[in-house]
Amino acid sequence: MRAVSLLSEAKTATAKTTISRATVLYAQSSSETHANGGFHPSENLYIPLVHACRTTQQLKQIHAQLFVHNLSQSSRVITQLISTCSMFKSMEYALLIFRHFHDPNSFVFNSLIRGLCESSQFENSIGHFILMLRLNVQPDRLTFPFVLKSVASLVADGFGGLLHAQTIKYGLDLDSFVRISLVDMYVKLCSLDFALQLFDETPERNKLESILLWNILINGCCRAGDLRKARELFDAMPDRNTGSWNTMVNGFVKQGELEQARTFFDRMPGKNVISWTTMISGLSEKGYHEQALDLFYRMLGEGVRPNDLTIASTLSACAKIGALEAGVRIHEYVSRHGFRLNQTVGTALVDMYAKCGKIERASQVFNETVEKGLLTWSAMVSGWAIHGCSKQALQCFNAMKSAGIYPDEVAFLAVLTACSHSGLVYPGRSIFNSMRDDYFIEPNVKHYTCMVDLYGRAGQLEEALSFIRSMPIEPDFVIWGALFCACRAHKNIKMAELASERLLQLEPRHPGSYVFLSNIYAGVGRWEDVERVRITMKNRGIEKPPGWSYIEVAGQVHSFVAGDKDHECAGEIYAKLEEISASARAQGYIPNTESVLHNIEEEEKEDALGSHSEKLALAYGLISTPLGMALRIVKNLRVCGDCHSMMKYASELSQREIILRDIKRFHHFKEGMCSCGDYW
DNA sequence: CTAGGGTTAG
């Protein structure tokens, strides 16, 4: 019999299973004997068997046997089958089993409602609760927590009060777990007043439940943005645990109050891995990448073991500032401590290597990653895209579809970006169309921007403009900006002015609007107009965001802003810059003054250009690393035309590879050439 | 072993 082979598999799978072949044979014979008796001693033997299952296939074998042995209507075994299905994330099969069960009781319903909730099928979970009521099956204290969680997750406001009423009807509203779930639900539905009221009315609680309820409420205040109320509650708490402190730290982080978060974090006793991860990912999310890295190392120093999420957050900080050496160190830590290359860790590593300029290494880790999910594939596609490897990006995208992964809007954006960087107008358009036609994904504003970029870079400006006019959504600032850049690159002043007008209408306070406008005037030498724009900006108190660049030297990240004189080696940096500039000029480099915002004397313009942050980072890299070593620079804005040109000369003169990442993509400079083919 | 519940990272 199949059960025997299943049993032997089950026995190897778990040491807990100690059923013998004889008991299974007994199970079979006894179920035949008691076929219609309503009492099946064999149920007691099938239940541990279900628990021993390790695959859905094995569950199916048991389900089949239940039919053979007239046990298919045993609610005890079916309950077990359904919950095990939920554990395996095969809710479709769980639903099938449920449909073949004639007279479900509360146990069967509870396991199904719970499984559906835990696999995020919230509507379905609520739907089965309603079915339960309709069939007059009484819900109990274990039904409500999951239904309430489903309602909270859906933010289904309408159901909240109804369910609360139901708990009262069944006399369960005072049950401690039901009550905690109710408060949590009201918090998530943003009905803080109801939550507080329930909290106040809650009678005698044990200490643990009490702390939990306080934490839930504090979290609710944080979500609602009421940090003062959160603090008040926190201060009023009779007892606190690590979770209470973590909730506060998280609340401050989410509201962007990093300093407050840090104060709480530093003050809290007994930090656990969640405390550290919350703080690290918060710092990284808000742009304090170096601090995030420092904190990670401090965490290791204090002997706290990071988990997958800590690793992913820290790697993401490395990725943002191009800290390759730090990233490699973390990769080594990951390998040494036996982390599996699962979706979380694998994807973070792929992304880190791609964004730190090591696309081949990214591809290697991608191949080693055992659980490739949608995010892993998307990271790889976008990695190829930012490196300008459109062929690989398209191949990867197709391989992803072949692997049975449905691309989402992010994956489509990545592959479209690849097309736009390489001027692949035809494949780009066809992918854009297939998005709606084959995958029923409605393109969002970013996809439209990408298409404008695709036509625009390829010089098809009219096409780009008519595309904008035919869009079903209102073109925004970014879309007109893309058109504007294309116009500037292809010297279409008339259309550039049109785009620029729109930009100013849409975002009169956005510094970009002015920079764009000033750029066209500068391009055609209308300096009085450039000056006018500059004065308008100043009068309206609008400032251009500073451009900064990062370079990592010996594991230490150095950042520069334009005209920066703060670095300890400033003197040497400027001397080196002067030197490269002179040699480059001797080789034919002409400073491209179109990229300057102000009308200043030619010589001064050169100075302003000459101290752009990426040039400072370049000079620092040249003086502080061994000859021949590649330089990796990250810039937060797009690289300007003049710096791009200078980098080409510098790579030739210094005989070094320079890998510059700007906000859009990578530029690999080698022997006077750039991988973008000057098309960016 | 008729299942089994809640907050804080993502």
Side-chain angles (χ1 to χ4, degrees), chain A residues 16-17 19 40 43-52 74-87 104-115 117-118 140-149 152 172 175-185 187-188 195 205-206 208-223 230 233-234 237 240-254 261 264-265 268 271-285 306-314 316 343-345 347-348 375:
Chain A
K16 264 171 66 182
T17 315
I19 327 158
H40 297 280
E43 285 181 340
N44 294 336
L45 297 159
Y46 269 99
I47 287 164
L49 210 54
V50 172
H51 276 273
S74 152
S75 62
R76 296 178 63 204
V77 185
I78 292 297
T79 300
Q80 289 287 353
L81 267 179
I82 291 177
S83 12
T84 314
C85 278
S86 314
M87 259 165 51
N105 61 10
S106 66
F107 290 100
V108 174
F109 266 114
N110 285 354
S111 62
L112 187 68
I113 289 170
R114 169 174 184 238
C117 174
E118 285 181 347
D140 59 26
R141 57 195 293 272
L142 293 162
T143 316
F144 281 103
F146 294 110
V147 188
L148 290 168
K149 194 175 175 186
L172 294 166
D175 176 88
S176 65
F177 276 111
V178 172
R179 187 151 273 250
I180 286 171
S181 300
L182 276 171
V183 172
D184 184 47
M185 178 195 70
V187 157
K188 290 193 174 132
R205 306 171 282 252
N206 69 43
L208 209 80
E209 281 169 0
S210 165
I211 295 183
L212 185 56
L213 262 182
W214 282 93
N215 291 353
I216 290 172
L217 266 187
I218 291 174
N219 185 235
C221 297
C222 292
R223 277 167 180 251
L233 285 168
F234 182 83
M237 279 178 88
R240 304 180 185 96
N241 62 12
T242 306
S244 323
W245 288 91
N246 287 350
T247 304
M248 288 303 289
V249 172
N250 178 49
F252 285 125
V253 163
K254 287 287 138 69
F264 267 74
F265 176 80
M268 77 176 280
K271 301 178 185 62
N272 63 11
V273 64
I274 296 180
S275 329
W276 289 93
T277 310
T278 306
M279 200 62 229
I280 291 171
S281 67
L283 285 168
S284 170
E285 232 164 71
N307 63 19
D308 289 2
L309 291 166
T310 327
I311 296 289
S313 304
T314 314
S316 145
Q343 187 169 180
T344 309
V345 176
T347 306
L375 295 177

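Letters go in sequence order (proteins before strands), and every chain restarts at 1.
Nucleic acid contact for A/Q343: none, since no nucleic acid atom lies under 4.0 Å from a heavy atom of the residue. Residue A/K254 is classed as a sugar-phosphate contact, given heavy-atom separations below 4.0 Å to backbone atoms only.
Distance noted for atom P between B/dG5 and B/dC1: 13 Å (whole Å).
The closest side-chain donor-acceptor pair between A/N215 and A/N246, if any, does not fall under 3.5 angstrom. Looking at A/D140 and A/T143, their side chains do bring a donor and an acceptor atom within 3.5 Å of each other.
Residues satisfying the side-chain hydrogen bond (donor to acceptor under 3.5 Å, both in side chains) test with A/N105, not counting sequence neighbours, are A/S75. A/K271 is linked by a side-chain hydrogen bond (donor to acceptor under 3.5 Å, both in side chains) to nothing, counting only residues two or more places apart in sequence or in another chain.
Close placement of the A/W276 and A/F265 rings is indicated, their centers lying within 6.0 Å of each other.
Look at CG on A/N307: it is 16 Å from P on B/dT8, rounded to the nearest Å. One can place CD1 of A/I311 at 14 Å from C1' of B/dA9, the figure rounded to the nearest angstrom. Put simply, CD1 on A/I280 is 10 Å from C1' on B/dA9, counting in whole angstrom units. Counting to the nearest Å, the C1' atom of B/dT8 and the CH2 atom of A/W245 are 14 Å from each other.
Residue A/S281 has a polar side-chain atom (N or O) positioned under 4.0 Å from OP1 or OP2 of B/dG10.
One can find a donor-acceptor pair under 3.5 Å joining the base of B/dT8 and the side-chain atoms of A/N246.
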Could you encode protein contacts along nucleotides 2-7 of chain B as a string, one character per nucleotide from 5' to 3', using B for base contact, S for sugar-phosphate-only contact and - for no contact, with a heavy-atom cut-off of under 4.0 Å?
BBBBBB
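A cation-pi geometry, defined here as NZ or CZ lying under 6.0 Å from the six-membered ring centre and within 45° of its normal, holds between A/R240 and A/F234.
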